[in-house]
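Because the structure is predicted, anything quoted here is derived from the model rather than measured. Chain letters run A, B, ... following the sequence lines, proteins first, then strands; residues in each count from 1.
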Amino acid sequence: MRKLTLKRPLALLPLALFLVLLLAACGGGPKTETQPQASLPEAQVDPATAGSVTGKVLFTGTAPVMPVIDMSSNPQCERQHKTPAKAETVIVNSNGTLRNVYVWIKSGLAPAKWPTPTEPAKLDQNGCMYAPRVQGVMEDQAFEILNSDPVNHNVHAECERNAAWNESQPPRAEHKFKKFASEEVLFPVTCSVHPWMRAYVGVSPHPFFFVTGDDGTFVLKGVPPGTYTIEAVHEKYGRKEGKVTVAPSGTASIEFSYGS
Amino acid sequence: MAVNTYNRGLHRWSLVLAFCTLLLVVAGGMVTSRDAGLSVPDWPLSYGKLMPPMEGGIFYEHGHRMIATTVGMFTIVSLVWIWIVEKRQWMKWLGVAALVAVITQGVLGGLTVLLLLPWWISSSHASLAQLFFSTTVAIALFTSDWWLRGAKTVTEKATAPIRGISLVASICVLCQLALGAAARHKAIGSIYHICGSPIVTSVILWVVLRVLLHYADNRELRLGALTLITITFCQVFLGIAAYMTRIAYADSVQPMPLMVTFTVFHVAVGALTMAASVSLAILVRRNVETA
Ligand SMILES: [Cu+2]
């Protein structure tokens with residue numbers, strides 16, 4: 001029965017491997033979720049003294065050329081575009097500014113509970129692209145997800161501070177309504193049926209956030225007087241921040257500049 | 001102990017199972033390379049159905065599930081067949097081990113989807129896949145005609161021990177595969193897998209050279225060693241190709257075909273390397289007796 005002896009060590013290999021991987025996994029530890037504080041005072045802004053923060057996000061250097069997306073793996077997606085869709089990772093506007101930059105007050109506000117908007121924020125799936133590419137929502141604001149496409153999508157919220165989830169959304173399915181309880185700027189939302197699909201969501205505890213559009217400007221309105229750290233976040237070029245002081249009824253301005 | 005006779009049907013079936021398992025490894029590699037793992041969020045059903053529309057990433061994920069189901073059923077057939085015709089008790093238990101492995105594999109695959117691809121489940125799934133493939137190859141080996149005709153044994157040379165190091169080579173390959181899987185599922189950097197490659201290649205070279213220099217008279221050992229070294233060289237080339245395409249397409253917005261091709265071939269030939277090293281270890285232990 002010599003053959004028996006040769007198999008025992010081999011049979012132990014999977015077991016040993018599992019143990020190693022399990023041990024490594026325990027070392028990783030579970031992610032803790034921050035709980036929103038219920039005891040915060042209601043935010044009070046005096047409209048007589050509230051000011052604003054404005055500015056623009058510049059882009060210097062040559063704008064990268066965005067590749068055409070190959071949608072041939074799902075012809076029903078391809079058919080919805082008269083001209084082939086291009087990637088939206090970096091969109092430089094004609095006035096030399098950068099689109100899809102999330103700008104917000106990162107710190108400086110007194111801790112307070114800001115009223116949650118009653119209107120839901122919306123994310124549409126149309127032509128197997130997300131619209132909008134980047135958006136902000138407030139903590140606990142309803143986040144409505146639509147599928148305007150004739151194809152199946154899965155929606156994967158790749159949050160880290162909030163609980164991540166992945167759900168399917170077939171054509172004509174009911175809209176999804178989600179909420180994100182904790183501050184998290186920014187996390188991707190992705191679809192694995194169509195690996196080019198990518199959106200970004202920033203969850204803020206207050207209403208002072210803005211995503212730059214086709215003129216690259218931003219404005220944060222109704223900001224109480226004070227000194228703040230303003231942060232700009234771009235999906236590819238990352239984070240930049242600067243300080244501003246808003247005088248009573250004043251307008252503070254700040255510019256951010258990204259480059260390739 | 002009753003003498004086991006060759007059963008051509010069982011042997012051929014075992015070869016079919018091993019081949020289908022290799023296809024399954026390829027399909028699984030495609031799922032990872034195409035980033036399609038989460039395209040079907042539910043499990044065991046797919047979009048609540050047995051057969052969802054095979055569009056985009058669903059083609060890869062659901063296709064993988066279909067091939068996996070087939071391999072699972074084939075493994076059950078193998079087990080029943082083995083229990084009917086086999087007289088070797090340990091073969092029966094090897095059949096049971098194969099079924100347990102394939103079921104575990106299915107559960108790991110489902111869990112990793114439901115838990116959003118935690119790296120340690122995905123890596124275990126990828127590594128157990130390699131072990132399962134080696135098991136199917138071993139079953140094909142053990143049921144073959146020439147295996148049952150008996151070994152031509154030689155005595156282990158004191159100056160060139162081989163029994164131990166052939167096993168070491170298999171373990172090194174397994175570790176290297178696990179590092180590769182962990183890198184692919186973003187638990188660690190690929191640098192560990194890259195650094196592991198010259199080490200594992202050297203160990204394989206050491207074992208193969210020892211066989212060829214000291215035990216080349218034995219046909220089984222010679223063929224086993226030559227097979228292992230051929231596959232290993234292909235694997236190293238594919239690894240370099242996979243790495244270079246990965247760098248070339250680092251900025252792409254979706255998986256690029258050339259990168260996917262090289263990476264998936266690298267995964268499949270990794271499975272073959274593992275199977276070849278396990279087979280050589282088995283042949284060495286059968287044909288080389290301790291002095
Ligand atoms: Cu999609």
**Q** Sort A:Ser168 into side chain, backbone, both or neither according to what part of it lies under 4.5 angstrom from a heavy atom of chain B.
**A** both
**Q** Look at atom NZ of A:Lys178 and say whether more than 12 heavy atoms of other residues, nucleotides or ligands are closer to it than 6.0 Å.
**A**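 Count over threshold, so yes.
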**Q** How long is the gap from CG on A:Asn166 to OG on B:Ser39, to the nearest 0.5 Å?
**A** 9.0 Å
**Q** Does A:Lys86, at its NZ atom, have more than 12 non-hydrogen atoms belonging to other residues, nucleotides or ligands within less than 6.0 Å?
**A** no
**Q** Identify which of B:Gly56, B:Pro41, B:Ser134 forms the greatest number of heavy-atom pairs closer than 4.5 Å to chain A.
**A** B:Pro41
**Q** Should we count OH of A:Tyr237 as having more than 12 external heavy atoms under 6.0 Å?
**A**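 More than 12 within 6.0 Å, yes.
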**Q** Would A:Lys236 and B:Asp251 satisfy side-chain contact (heavy atoms from CB on, under 4.5 Å), going step by step from the backbone distance to the final call?
**A** CA-CA 10 Å; A:Lys236 178 175 164 83; B:Asp251 256 358; 3.5 Å; yes
**Q** Test: ring pair (Phe, Tyr, Trp, His ring centres under 6.0 Å). Region: residues 44-63 of chain B. Which pairs qualify, not counting sequence neighbours?
**A** none
**Q** Does anything in residues 188-195 of chain A reach chain B? List residues with heavy atoms under 4.5 Å apart, or say none.
**A** A:Ser192, A:Val193, A:Pro195
**Q** Under a 4.5 Å heavy-atom cut-off, does chain B meet the side chain of A:Glu158, its backbone, both or neither?
**A**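 A:Glu158 has no heavy atom closer than 4.5 Å to chain B.
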**Q** Got more than 12 heavy atoms from elsewhere within 6.0 Å of CG, B:Leu115?
**A**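 Yes, CG of B:Leu115 has more than 12 neighbouring heavy atoms, counting only those of other groups under 6.0 Å.
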**Q** CD/B:Glu55 to SG/A:Cys128 distance, rounded to the nearest 0.5 angstrom?
**A**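 It comes to 8.0 Å.
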**Q** Can you tell if the side chain of B:Val253 reaches within under 4.5 Å of the side chain of A:Met197, non-hydrogen atoms only?
**A**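 In short, these two side chains do not touch, never coming nearer than 4.5 Å.
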**Q** Checking the side chain of B:Gln254 only, and the main-chain atoms of A:Asp70 only, is there a donor and an acceptor separated by less than 3.5 Å?
**A** yes
**Q** What part of B:Asp42 is in contact with chain A, defined as an atom under 4.5 angstrom from a non-hydrogen atom: side chain, backbone, both or neither?
**A** neither
**Q** Heavy-atom count around B:Lys92 NZ within 6.0 Å, excluding the residue itself: above 12?
**A**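 Atom NZ in B:Lys92 is packed in, count exceeds 12.
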**Q** Which of residues 144-154 of chain A have a heavy atom under 4.5 Å from any heavy atom of chain B?
**A**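 Hits under 4.5 Å: A:Val151, A:Asn152, A:His153, A:Asn154.
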**Q** Between B:Leu116 and chain A, which part of the residue has a heavy atom less than 4.5 Å away: side chain, backbone, both or neither?
**A** side chain
**Q** Determine whether more than 12 heavy atoms belonging to other residues, nucleotides or ligands lie under 6.0 Å from atom CH2 of B:Trp93.
**A** no
**Q** Is it true that atom NZ of A:Lys179 has more than 12 heavy atoms of other residues, nucleotides or ligands lying nearer than 6.0 Å?
**A**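 Result for NZ/A:Lys179: open.
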**Q** Can you list the residues that meet the salt bridge (charged side-chain N to carboxylate O under 4.0 Å, His left out) rule with B:Lys49, with sequence neighbours excluded?
**A**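 Counting only residues at least two positions away or on another chain, B:Lys49 forms no salt bridge (charged side-chain N to carboxylate O under 4.0 Å, His left out).
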